[in-house]
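Encoded as structure tokens, the structure appears first; notes follow it.
Every number for a ligand or one of its atoms is a count from 1 in the order of the listing. Nothing fancy with the numbering, it's 1 onward along the sequence. The shown structure was predicted, so the numbers you read here are calculated from the model rather than taken from an experiment.
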Amino acid sequence: MSLILGIESSCDETAAALVTSDREILAHKLAGQEAEHAPYGGVVPEIAARAHAEILTPLIAAALDEAGKSLDDVDAIAATAGPGLIGGVMVGLVTGKALAMAADKPLIAVNHLEGHALSPRLVNPNLGFPYLLMLVSGGHCQILRVEGPGEYRRLATTIDDAAGEAFDKTAKILGLGYPGGPKVQALAEQGDAQAVPLPRPLLKSKEPHFSFAGLKSAVVRAYQNGAYRPEDIAASFQQAVVDCLRDRLEKAIGDHGRCANLVVAGGVGANTPIRSMLERVAGKHDMVFTAPPQWLCTDNAAMIAWAGAERFAAGLTDSLDFVARPRWPLDPKAEKARGAGVKA
Ligand code: KG4
Ligand code: ZN
């Protein structure tokens with residue numbers, strides 16, 4: 001049994017966790033920065049980096065304290081090394097390196113996306129490789145075949161915006177504040193999903209990818225039109241996202257075949273209608289569906305510690321000169337999706 005300290009600081013959550021290779025979460029601490037970013041309606045990278053630098057060390061101390069452990073008890077230190085806002089990533093990675101050096105422990109540089117991708121295995125010991133993963137977060141929207149730690153095949157990605165970005169933009173337009181996903185979902189519960197005609201970009205397209213930029217602009221136009229209730233815009237928008245995700249997932253299964261398991265990960269995976277749709281698609285194809293609890297879908301350090309545990313077990317540790325990466329695809333061999341501004 002090994003004990004891993006996980007550190008996360010790639011966006012606007014500062015987090016530290018202690019997780020064992022036996023799937024025991026001994027501590028997980030999270031400090032959000034909503035109040036700092038709220039006046040700007042989105043994450044400001046400089047503010048985020050400064051906030052991480054202030055809070056991370058006390059947060060790690062608090063996690064060790066809660067677990068009743070010291071650094072000496074830890075077998076390895078896993079820190080997010082990208083992709084993300086580079087200032088924040090550097091704070092977490094440098095902290096991880098310093099602790100690794102001081103305590104003479106191995107460092108594991110974790111890809112934040114791998115943290116999301118492996119997180120369902122932290123809560124489901126029966127989830128074996130390979131599995132089909134719908135990875136939907138603020139920065140990414142991908143379908144992947146997960147074959148093992150460090151082994152991913154990207155089947156689809158977004159050619160413009162991520163699903164979470166579209167949720168956040170819709171929330172901003174409707175004046176709901178940041179982060180938008182949960183607020184749009186709550187408002188949508190009171191709305192009519194058929195009320196506002198909105199596009200489903202790339203629906204039935206021969207290419208495998210996602211696109212949300214056109215949907216985002218259509219939400220702006222619907223709002224400016226003035227004829228629609230905000231709850232109807234929210235519900236119709238959410239339904240459009242559900243329809244796009246379903247269509248692209250069906251295409252991936254049609255093109256590449258099913259797996260025994262379908263899983264969702266990433267912040268947008270906390271969305272209830274999206275989870276219900278994925279469960280239906282899984283049932284239709286005789287796949288077992290795993291959705292991590294909502295707190296594990298959004299950014300946290302337990303998933304980074306767990307990815308660290310998986311990599312540690314596979315003998316994958318990193319040297320202290322590992323450089324932080326603002327971009328870091330899970331599948332480096334994947335063909336570039338068309339379009340300017342492609343993020344993955
Ligand atoms: O994975 P995550 O915490 O951070 C990134 O790595 O990007 O994802 C954050 C994204 C945000 O865009 C947020 O609005 C969205 O996840 N999100 C949701 C929900 N909860 C969080 N989107 C839709 N419905 C939700 N319930
Ligand atoms: Zn994330």
Mind listing the closest non-hydrogen atom pair of Arg311 and Glu114 along with its distance? NH1-OE1, 2.7 Å
What closest approach, in Å, do Asp299 and Leu30 show between heavy atoms, and which atom pair accounts for it? O-CD1, 3.5 Å
When you measure from [atom] to every protein heavy atom, which one gives the shortest distance, and what is it?
{"atom": "atom 26 (N) of ligand 1", "answer": "Gln185 OE1, 2.9 Å"}
{"atom": "atom 13 (C) of ligand 1", "answer": "Asp168 OD1, 3.7 Å"}
{"atom": "atom 22 (N) of ligand 1", "answer": "Gly181 CA, 3.3 Å"}
{"atom": "atom 3 (O) of ligand 1", "answer": "Asp299 N, 2.9 Å"}
{"atom": "atom 7 (O) of ligand 1", "answer": "Gly138 N, 2.8 Å"}

Does an N or O anywhere in [X] fall below 3.5 Å from an N or O of ligand 1?
{"X": "Gly164", "result": "yes"}
{"X": "Glu165", "result": "no"}
{"X": "Gly267", "result": "yes"}

Below 4.0 Å from any atom of ligand 1, is there a heavy atom belonging to [X]?
{"X": "Gln294", "result": "no"}
{"X": "His112", "result": "yes"}
{"X": "Gly139", "result": "yes"}

Do any N or O atoms from the side chain of His37 and from the backbone of Val44 form a donor-acceptor pair under 3.5 angstrom? yes
Is the distance from the ring center of His112 to that of Trp328 below 6.0 Å? no
Are any of the side-chain nitrogens in [X] or [Y] under 4.0 Å away from the carboxylate oxygens of its partner?
{"X": "Asp331", "Y": "Arg153", "value": "no"}
{"X": "Lys105", "Y": "Asp75", "value": "no"}
{"X": "Glu147", "Y": "Arg145", "value": "yes"}
{"X": "Asp161", "Y": "Lys216", "value": "yes"}

Distance check below 2.8 Å: does His140 bring an N, O or S atom to the Zn ion (ligand 2)? no
Using a distance threshold of 2.8 Å, state whether an N, O or S atom of Cys11 lies below it from the Zn ion (ligand 2). no
Let me see the working for Glu335 and Arg154 under salt bridge (Lys or Arg N to Asp or Glu O under 4.0 Å), right down to the final yes or no. CA-CA 9 Å; Glu335 263 178 48; Arg154 196 202 71 198; over 6 Å; no
Kindly indicate whether a cation-pi arrangement holds for Arg121 with Phe129, taking the cut-offs as under 6.0 Å to the six-membered ring centre and within 45° of the axis. yes
Can you give me the OD1-the Zn ion (ligand 2)-NE2 angle for Asp299 and His112, to 10°? 90°
Proximal atoms of ligand 1 relative to Ala270 (non-hydrogen, under 4.0 Å): 20 (N), 26 (N)
With a heavy-atom distance limit of 4.0 Å, tell me whether Asn271 approaches ligand 1 through its side chain, its backbone, both, or neither. both
For ligand 1, the portion of His116 having any non-hydrogen atom under 4.0 Å away: side chain
